[in-house]
2 protein chains.
Amino acid sequence: MTARTSTESARDIPEATVARLPVYLRALTALSEAGTGTCSSEALAAAAGVNSAKLRKDLSYLGSYGTRGVGYDVDYLRYQIAREIGVTQDWPVVIVGIGNLGHALANYSGFRSRGFRTVALLDADPARHGEMVAGIEVQPFSDLESIVAEHGVAIGVIATPAVAAQAVADRMVACGITSILNFAAGVLSVPAGVDVRKVDLSVELQVLAYHEQRKAQGELA
Amino acid sequence: MTARTSTESARDIPEATVARLPVYLRALTALSEAGTGTCSSEALAAAAGVNSAKLRKDLSYLGSYGTRGVGYDVDYLRYQIAREIGVTQDWPVVIVGIGNLGHALANYSGFRSRGFRTVALLDADPARHGEMVAGIEVQPFSDLESIVAEHGVAIGVIATPAVAAQAVADRMVACGITSILNFAAGVLSVPAGVDVRKVDLSVELQVLAYHEQRKAQGELA
DNA sequence: AGGAGTTTGTGAACGGGAGAACAAAACGGA
DNA sequence: TCCGTTTTGTTCTCCCGTTCACAAACTCCT
Ligand SMILES: NC(=O)c1ccc[n+]([C@@H]2O[C@H](COP(=O)([O-])OP(=O)(O)OC[C@H]3O[C@@H](n4cnc5c(N)ncnc54)[C@H](O)[C@@H]3O)[C@@H](O)[C@H]2O)c1
Ligand SMILES: NC(=O)c1ccc[n+]([C@@H]2O[C@H](COP(=O)([O-])OP(=O)(O)OC[C@H]3O[C@@H](n4cnc5c(N)ncnc54)[C@H](O)[C@@H]3O)[C@@H](O)[C@H]2O)c1
């Protein structure tokens with residue numbers, strides 16, 4: 001929006017790099033827990049499953065945190081990446097649609113341990129209200145506005161059926177949520193300034209099926 | 001492997017296009033159910049949430065299934081895409097790790113309706129054996145080999161904790177599975193010829209957090 | 001102090017995908 | 001039959017991301 005004259009970490013990081021930083025972060029955490037103090041770009045790249053040149057270029061967008069001839073300090077680099085992607089702070093999250101998938105998400109401990117705190121579970125079905133899931137009570141969807149206002153929620157997760165997803169997204173956007181993780185099928189339309197990421201398991205399986213079919217065809221030749 | 005002298009559909013489709021074909025397929029299904037017989041690239045692109053030029057280029061890799069001045073026949077195009085990505089046939093699938101996420105996946109009807117049939121639910125924990133989930137009995141993980149052989153399974157889904165994922169993948173590969181959908185964190189190492197797709201929900205949230213943080217920084221300036 | 005050995009950070013070449021723009025083709029009406 | 005309209009299929013250009021390759025920088029050993 002405005003010109004970016006601020007302090008450090010003001011350079012804009014390529015999207016492809018942003019998507020890999022969490023992978024590096026996880027690999028560094030594993031190394032740290034294993035007692036490793038220092039690692040080379042080669043070793044970290046192997047742990048993260050990427051090319052080492054790509055890793056070094058990715059890290060170079062953050063700054064020069066390595067030492068030539070030595071490598072990277074695991075804990076220091078871990079902190080720098082965590083700070084850059086914003087997981088040093090605590091992100092309140094609401095999950096809407098507590099069905100099969102919503103239950104699994106609510107019970108997933110990996111979110112909490114990475115800086116995401118589920119502050120509410122919402123569902124439109126009155127039969128679900130009051131149920132305790134992972135220590136949190138399922139509340140009516142109509143409580144969305146007050147909860148978002150109270151906790152300053154910026155991130156919402158949609159796990160409702162596809163037909164309800166757009167309406168849920170509209171409500172979320174209206175009350176100030178600016179990032180949405182969507183598990184429902186179909187495209188969400190949201191105003192500019194709101195980020196949507198979509199996870200579509202059917203697409204993943206269908207891509208696998210395509211390649212599988214090609215393998216089978218090849219064998220006939 | 002060998003030169004590709006076979007019949008039609010022998011051209012190789014770009015990966016980015018392959019990943020979008022399932023999206024077009026879903027949009028076409030919705031149009032068909034709404035009674036639409038014909039649609040333009042513009043209309044279909046809007047329904048799928050992509051640029052119309054991109055859509056036309058994607059479809060051109062399959063062949064010339066449209067009619068200039070008219071558009072595409074919805075059902076005909078739907079069949080052509082389904083055939084190309086291999087969802088006209090039935091794909092048997094095994095799910096390993098029937099915990100929170102495994103339950104949700106087993107209960108998900110969207111897989112069955114898109115040509116994927118869950119033939120077995122496997123778990124290493126004896127306490128889970130015999131439990132019925134979505135009409136299927138949870139079986140011991142050691143039954144993997146016989147089930148894969150019996151049903152000709154080519155696609156496996158891993159929903160175990162991260163520590164077990166590599167071992168599960170090794171067993172899958174050893175008994176002939178050549179496509180894996182992995183929900184566990186960390187990188188899987190598999191031999192060439194085996195496709196792995198990874199779904200990492202934490203990464204998705206962290207990417208959202210990164211952009212969210214940048215938005216917040218911008219407001220201070 | 002100096003040289004050999006490592007490893008980072010980055011410039012440059014390369015490849016693939018996105019989007020604009022247009023020619024070719026089909027249709028409909030006169 | 002012919003012309004205007006619509007929409008596809010494709011070409012061309014640009015941009016982003018990947019990878020190679022190497023100079024700069026640091027450590028360690030003699
Ligand atoms: N279960 C899976 O493994 C899986 C996999 C891929 C995609 N999905 C998608 O995720 C979504 C949820 O799947 P599921 O299996 O959990 O479905 P589900 O039917 O079990 O749960 C949906 C929940 O959303 C609630 N809901 C419906 N309308 C609502 C509204 N307007 N506001 C708030 N809540 C509402 C329902 O009461 C229900 O509890 C679906 O869109 C599905 O396509 C699920
Ligand atoms: N629940 C979620 O929403 C969610 C989200 C993102 C990622 N994940 C990932 O998905 C995986 C599963 O998550 P979950 O919440 O279902 O965990 P969970 O602990 O509820 O379930 C794991 C299941 O795997 C079984 N298992 C363990 N070792 C096994 C082995 N060697 N062979 C076969 N089965 C084995 C366990 O008995 C258990 O039933 C984890 O890796 C998790 O990080 C889960």
Side-chain angles (χ1 to χ4, degrees), chain A residues 8-9 11-24 27-28 31 36-78 80-81 84 187 203 207 210-211, chain B residues 8-9 11-24 27-28 31 36-78 80-81 84 187 203 207 210-211:
Chain A
E8 25 63 277
S9 85
R11 35 217 151 221
D12 55 332
I13 300 177
E15 268 306 305
T17 297
V18 170
R20 281 188 295 268
L21 289 178
V23 178
Y24 303 154
L28 285 166
L31 286 172
T36 310
T38 291
C39 73
S40 68
S41 64
E42 204 72 46
L44 182 54
V50 301
N51 181 296
S52 71
K54 180 154 58 177
L55 172 84
R56 287 198 300 276
K57 178 157 282 194
D58 283 342
L59 295 183
S60 75
Y61 290 113
L62 310 188
S64 288
Y65 295 131
T67 308
R68 297 174 192 225
V70 178
Y72 301 91
D73 181 284
V74 171
D75 286 324
Y76 181 58
L77 181 59
R78 186 157 72 112
Q80 293 299 339
I81 294 179
E84 188 71 35
V187 272
V203 169
V207 171
Y210 169 79
H211 291 296
Chain B
E8 24 63 280
S9 87
R11 41 223 144 215
D12 56 330
I13 299 177
E15 268 306 304
T17 297
V18 171
R20 282 188 295 268
L21 289 178
V23 179
Y24 304 153
L28 284 166
L31 286 174
T36 309
T38 291
C39 74
S40 69
S41 65
E42 204 71 46
L44 182 54
V50 301
N51 180 295
S52 70
K54 182 154 58 177
L55 172 86
R56 286 197 299 277
K57 184 179 283 194
D58 284 343
L59 295 183
S60 75
Y61 290 113
L62 311 188
S64 289
Y65 297 132
T67 306
R68 297 176 192 224
V70 178
Y72 300 91
D73 181 284
V74 170
D75 287 323
Y76 181 59
L77 182 59
R78 186 157 71 113
Q80 292 300 338
I81 294 179
E84 186 72 34
V187 274
V203 170
V207 171
Y210 169 79
H211 291 296

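Below, read A as the first sequence line, B as the second, and so on, with proteins coming before strands; counting in each chain starts at 1.
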_Side chain proximity check, Ile13(B) to Leu62(B), heavy atoms < 4.5 angstrom_ =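 They are in contact (side-chain heavy atoms under 4.5 Å apart), so the answer is yes.
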Report task. Could you check if a side-chain atom of Leu77(B) sits within less than 4.5 angstrom of a side-chain atom of Leu44(B), using non-hydrogen atoms only? Result ->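 Answer yes - side chains close enough.
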Rounding to 10 degrees, work out the angle separating the end axes of the helix from dA1(C)-dT30(D) to dA30(C)-dT1(D) (five pairs an end).
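About 0°, once rounded to a multiple of 10°.
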Rounded distance (nearest 0.5 Å) linking atom [atom1] of [X] with atom [atom2] of [Y]:
{"X": "Tyr65(A)", "Y": "Arg78(A)", "atom1": "OH", "atom2": "CZ", "result": "15.5 Å"}
{"X": "Lys54(B)", "Y": "Leu59(B)", "atom1": "NZ", "atom2": "CG", "result": "12.5 Å"}
{"X": "Asp73(A)", "Y": "Gln80(A)", "atom1": "CG", "atom2": "CD", "result": "10.5 Å"}

What heavy-atom pair brings [X] and [Y] nearest, and what distance separates the two atoms?
{"X": "Ala43(B)", "Y": "Cys39(B)", "answer": "CB-CB, 4.5 Å"}
{"X": "Ala45(B)", "Y": "Ser52(B)", "answer": "CB-CA, 3.5 Å"}
{"X": "Tyr61(A)", "Y": "Pro14(A)", "answer": "CZ-CG, 3.6 Å"}
{"X": "Pro22(A)", "Y": "Val18(A)", "answer": "CD-O, 3.0 Å"}
{"X": "Thr36(B)", "Y": "Thr38(B)", "answer": "CG2-O, 3.2 Å"}
{"X": "Tyr72(B)", "Y": "Arg56(B)", "answer": "OH-CG, 3.9 Å"}

Go through the structure and list residues passing side chain to side chain donor-acceptor pair (under 3.5 Å) with Tyr24(B), not counting sequence neighbours.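 Counting only residues at least two positions away or on another chain, Tyr24(B) forms a side chain to side chain donor-acceptor pair (under 3.5 Å) with Arg20(B), Asp58(B).
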(request) Using atom CG of Leu55(B) as one end and atom P of dT7(D) as the other, report the distance to the nearest whole Å. (result)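 For the pair Leu55(B) CG and dT7(D) P, the rounded distance is 14 Å.
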Taking atom C1' of dT8(D) as reference, at what distance in whole Å does atom CG of Leu77(B) sit?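 Rounded to whole Å, this separation is 12 Å.
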Restricting to nitrogen or oxygen on both sides, can you table the protein-nucleotides 14-18 of chain D pairs closer than 3.5 Å?
residue	atom	partner	partner atom	Å
dT18(D)	OP1	Arg20(A)	NH1	2.8
dT18(D)	OP2	Arg20(A)	NH1	3.4
dT18(D)	OP2	Arg20(A)	NH2	2.9

Check nucleotides 24-28 of chain D against the protein and report each pair of N or O atoms closer than 3.5 Å, with its distance, or say if there are none.
residue	atom	partner	partner atom	Å
dA24(D)	N3	Arg68(A)	NH1	2.9
dC26(D)	O4'	Arg68(A)	O	3.3

Of the residues in residues 39-48 of chain A, which ones touch DNA chain C at a heavy-atom distance under 4.0 Å?
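The answer is Ser40(A), Ser41(A).
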Query - Outermost DNA chain C nucleotides near chain A [under 4.0 Å, heavy atoms] - result: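 The footprint of chain A covers dT6(C) to dA12(C).
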